[in-house]
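For reference, the structure is listed below as structure tokens.
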There are 2 protein chains.
Amino acid sequence: MMDVARLAGVSHQTVSRVLNEHPNVAERTRLRVRAAIAELGYRPNRAARALVTGKSQVIGVVAQNSTLYGPAATLAALAQAASSSGFTVSVESVRTLERRPVTDAINHHLDQRVAGLVVIAPVAEASEALDGLPDDIPLVCVDGDPERETDLVTVDQELGGYAATKHLLDAGHPTVWHVSGPEDWFDSQGRIAGWRRALTEAGAEIPPLMAADWSAASGYRIGQVLARMTEVSAVFAANDHLALGILRALHERGRRVPDEISIVGFDDVPESEFYIPPLTTVRPDFDAVAAASLDLLLAQIETGRRHGGRRVIPPALVTRHSVSPPK
Amino acid sequence: MMDVARLAGVSHQTVSRVLNEHPNVAERTRLRVRAAIAELGYRPNRAARALVTGKSQVIGVVAQNSTLYGPAATLAALAQAASSSGFTVSVESVRTLERRPVTDAINHHLDQRVAGLVVIAPVAEASEALDGLPDDIPLVCVDGDPERETDLVTVDQELGGYAATKHLLDAGHPTVWHVSGPEDWFDSQGRIAGWRRALTEAGAEIPPLMAADWSAASGYRIGQVLARMTEVSAVFAANDHLALGILRALHERGRRVPDEISIVGFDDVPESEFYIPPLTTVRPDFDAVAAASLDLLLAQIETGRRHGGRRVIPPALVTRHSVSPPK
DNA sequence: AACCCAGATGTGAACGCTCACACTACCGAT
DNA sequence: ATCGGTAGTGTGAGCGTTCACATCTGGGTT
């Protein structure tokens, strides 16, 4: 920086001002400094800046190491969105969503003096890890406890579950079975609630809940049970991969979809359009989730205060060919 | 740090020594310092350390913003592996794999004084962006040009393509059609080469190449063509999602898999076991790719020199039910 | 007893920036 | 003629570490 200053015939401070786009710099000075920067190929040292300001241009993200579609898609979208705002995303990957590893990951980020934190905390325990945090660090919680007070971005799971169930009910099915995700996930809870509400509103019987994890394998196992039960005509699966497993189990036992049984999924993974049959599903907008998170976070960074903002992104039902009226 | 030093009754330098596990510190002093650290809840400022040492504990990753399974899985595994080595992964997400955005991303990382760089560069243009780089920065290229000299980690695509094709040939098929990924991807090129080699070795006819992108949608389009061609009895799809699209197209035209047509995929996405029928596929070990990358990178960081190391991870064929002998 | 050496510790500078403040020049208003 | 204000610029300190070097101590050698 000194070299640049010397070449431009100004002080280091003026160079700093040009770099930070400080208003009070004469136009020709600015030009001269920029020229010197270009000539020397100078690039500012962000570590030094981070040291003195106490903040970096880095957003710390805590996410579970998983290839689950939702979290992975959110993370990718977040990285993309951050890049275009001049931020870098630093990922601390946790093996499990227990409190301890999440806390460690957060502390590690704090050591690096990140400008803000995005925590993907889809279960209660991970969500609780956010409670002890000093409140001078910008923080957005994604997919976290819908009840929490701090800034939160989430897909409207309840609405999605409601829409899926309603769609099946509207097709004429007397009731809808639900294969849910793990019960400690807020996502699962929301989808279950939506399912229940639709059923209740319609005065339909509420069948027992079939809880699974998010995998196609568990969908398959539950599908084998469902396939034997002649009274089930409509199933709402908590995600597309579960739906795929169910589809396969049904196919194996010769139960035809949608003729005998209708199915709706959740997530709209790009492949679901090519399942057999093409899956009617609920599409959350992960790009919108990422954009909203960044938006909230940047606002906090700017003002230096928590706002308690809350963005709930409504998902959309996309209808394909896995639903038909009951026979 | 000064506070800790004061409390422990030592100098700041001794605290620093304890922090960096310098050998020449008396045992009881070390204990006293640790106690002081714990009592004060002191956490070192990484930005300050990065400033003075010129290196951070951060690994810069450049990856395309995509939800493609391979890159996403590699990235996740990398973040996980880095975390357990005490490193953080900083992701710079590029929208396209053109040279310019990749170079920008790399420079941005360099500004942050990352300890090393991992670039996922599956096409030639991205790979070229690595050429102008100063050679004092540790660098590992993942999925890059197999011909390049610098440290490289990649799945043995050629072997995978060979194994898939050979498997179909061994089942008795006269030849094997190939639906490939985009031709500018090294992954595609390797799989194509393996496919050709297996065909050539067996003295089989080499059918025209069907090039697609990686999506199920493009697999479906090509599948519609394949379904009409009575002479095709065996297809090797460059990834599982393509295979899914093909499966669906075939199903629509009433062509049964594997009775009439056999199919092998690539990637072993977790869902492929539940496709109809369960897909025989080639499984690359993304965890191994990530581990090898980190290994190579850490070695460079330690020695401060490029080694020109090269790790080629052999994939494994996993046989399920999408292959049978021709009728 | 004098010496040496290695282990343990302390001292001050430096890393590359930004911040707070001081200074200069020039303007218009009194 | 004096004053205050403002745009433009410079000066020095300080952020929290590590590095290079200096100093101190105690045990083993001669």
Side-chain angles (χ1 to χ4, degrees), chain A residues 1-37 40-58 86 107-115 136-137 301-302 304, chain B residues 1-37 40-58 86 107-115 136 301 304:
Chain A
M1 181 155 135
M2 283 303 194
D3 298 340
V4 173
R6 205 151 24 228
L7 179 59
V10 297
S11 74
H12 63 117
Q13 176 57 15
T14 299
V15 177
S16 170
R17 277 192 267 256
V18 171
L19 251 27
N20 294 294
E21 309 196 324
H22 188 97
N24 288 355
V25 177
E27 193 51 31
R28 43 185 311 267
T29 313
R30 189 193 316 279
L31 257 36
R32 214 149 18 99
V33 172
R34 282 207 207 290
I37 289 175
L40 265 42
Y42 162 81
R43 316 218 75 204
N45 182 328
R46 312 239 175 200
R49 177 182 302 192
L51 174 59
V52 58
T53 59
K55 289 280 170 248
S56 59
Q57 289 286 96
V58 174
N107 282 333
H108 205 242
H109 275 316
L110 261 25
D111 290 353
Q112 314 265 11
R113 301 302 190 271
V114 294
D136 60 340
I137 169 87
I301 291 173
E302 212 154 303
Chain B
M1 182 154 133
M2 283 304 195
D3 299 340
V4 173
R6 204 151 26 229
L7 180 61
V10 297
S11 75
H12 64 117
Q13 175 57 16
T14 299
V15 176
S16 172
R17 276 193 269 257
V18 171
L19 251 27
N20 294 293
E21 310 197 322
H22 188 96
N24 287 356
V25 177
E27 194 52 32
R28 42 187 311 268
T29 312
R30 190 192 316 278
L31 256 36
R32 212 146 24 97
V33 171
R34 282 206 207 291
I37 289 176
L40 264 42
Y42 161 82
R43 316 217 75 204
N45 182 327
R46 312 241 174 197
R49 177 183 302 193
L51 174 59
V52 59
T53 60
K55 289 282 170 245
S56 60
Q57 290 285 97
V58 174
N107 282 333
H108 204 242
H109 274 316
L110 261 25
D111 290 351
Q112 313 265 11
R113 300 300 190 271
V114 294
D136 60 339
I301 291 173

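In what follows, every chain begins at residue 1, and chains take the letters A, B, ... in the order their sequences are listed. Note: hydrogens, waters and symmetry copies are ignored here, and every other heavy atom, side chains too, is used.
What you find for A:Ala5 and A:Ser11 is that their closest heavy atoms are CB-C, 3.7 Å. In terms of heavy-atom proximity, A:His108 sits nearest to A:Gln112 at O-CG, 3.2 Å. Closest of all the heavy-atom pairs between B:Val10 and B:Val15 is CG2-CG2, 4.0 Å. Between A:Gly54 and A:Arg113, the shortest heavy-atom contact is O-CB, 3.8 Å. What you find for B:Leu51 and A:Ala48 is that their closest heavy atoms are CD1-CB, 3.5 Å.
Looking at residues two or more places apart in sequence or on another chain, you find a side-chain contact (heavy atoms from CB on, under 4.5 Å) between B:Ile301 and B:Phe87, B:Ala115, B:Pro138, B:Leu297, B:Leu298. Residues that satisfy the side-chain hydrogen bond (donor to acceptor under 3.5 Å, both in side chains) test with B:His12, not counting sequence neighbours, are absent from this structure. The side-chain hydrogen bond (donor to acceptor under 3.5 Å, both in side chains) check on A:Asp3 picks up A:Arg6, with sequence neighbours excluded.
Screening residues 41-58 of chain B for salt bridge (Lys or Arg N to Asp or Glu O under 4.0 Å), with sequence neighbours left out, gives A:Asp111-B:Arg43, A:Asp111-B:Arg46. Within the structure, salt bridge (Lys or Arg N to Asp or Glu O under 4.0 Å) contacts touching residues 7-24 of chain A (residues at least two apart or in different chains) do not occur.
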Could you pull out all donor-acceptor pairs under 3.5 Å where a side-chain atom in residues 25-35 of chain A meets a protein atom, sequence neighbours excluded?
unit_1, atom_1, unit_2, atom_2, d
A:Arg30, NH2, A:Val25, O, 3.0
A:Arg32, NH1, A:Ala8, O, 2.6

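DNA chain D lies under 4.0 Å from at least one heavy atom of each of the following residues of residues 6-16 of chain B: B:His12, B:Gln13, B:Ser16. Of all the residues in residues 40-56 of chain B, B:Leu51, B:Val52 reach under 4.0 Å from DNA chain C with at least one non-hydrogen atom. Near DNA chain D, defined here as any heavy-atom distance below 4.0 Å, the residues from residues 20-36 of chain B are B:Asn20, listed numerically.
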Distances for protein N or O near nucleotides 23-28 of chain C N or O, under 3.5 Å:
none

I'd like a list of close polar pairs between nucleotides 4-6 of chain C and the protein, N/O only, cut-off under 3.5 Å.
none

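In this structure, OH on B:Tyr42 lies 13.0 Å from CG on B:Leu7, to the nearest 0.5 angstrom.
Between the CG atom of B:Leu19 and the P atom of D:dC19 there is a distance of 12 Å, rounded to whole Å. Rounded to whole angstrom, the span from the CD atom of A:Gln112 across to the C1' atom of D:dT17 amounts to 14 Å. To the nearest angstrom, P of C:dT18 lies 11 Å from CZ of A:Arg17.
Terminal axes of the helix from C:dA1-D:dT30 to C:dT30-D:dA1 (five pairs each, C1' rotation axis) are separated by 50°, to the nearest 10°.
With hydrogens and angles ignored, no donor-acceptor pair under 3.5 angstrom links the side chain of A:Arg113 to the base of D:dG16.
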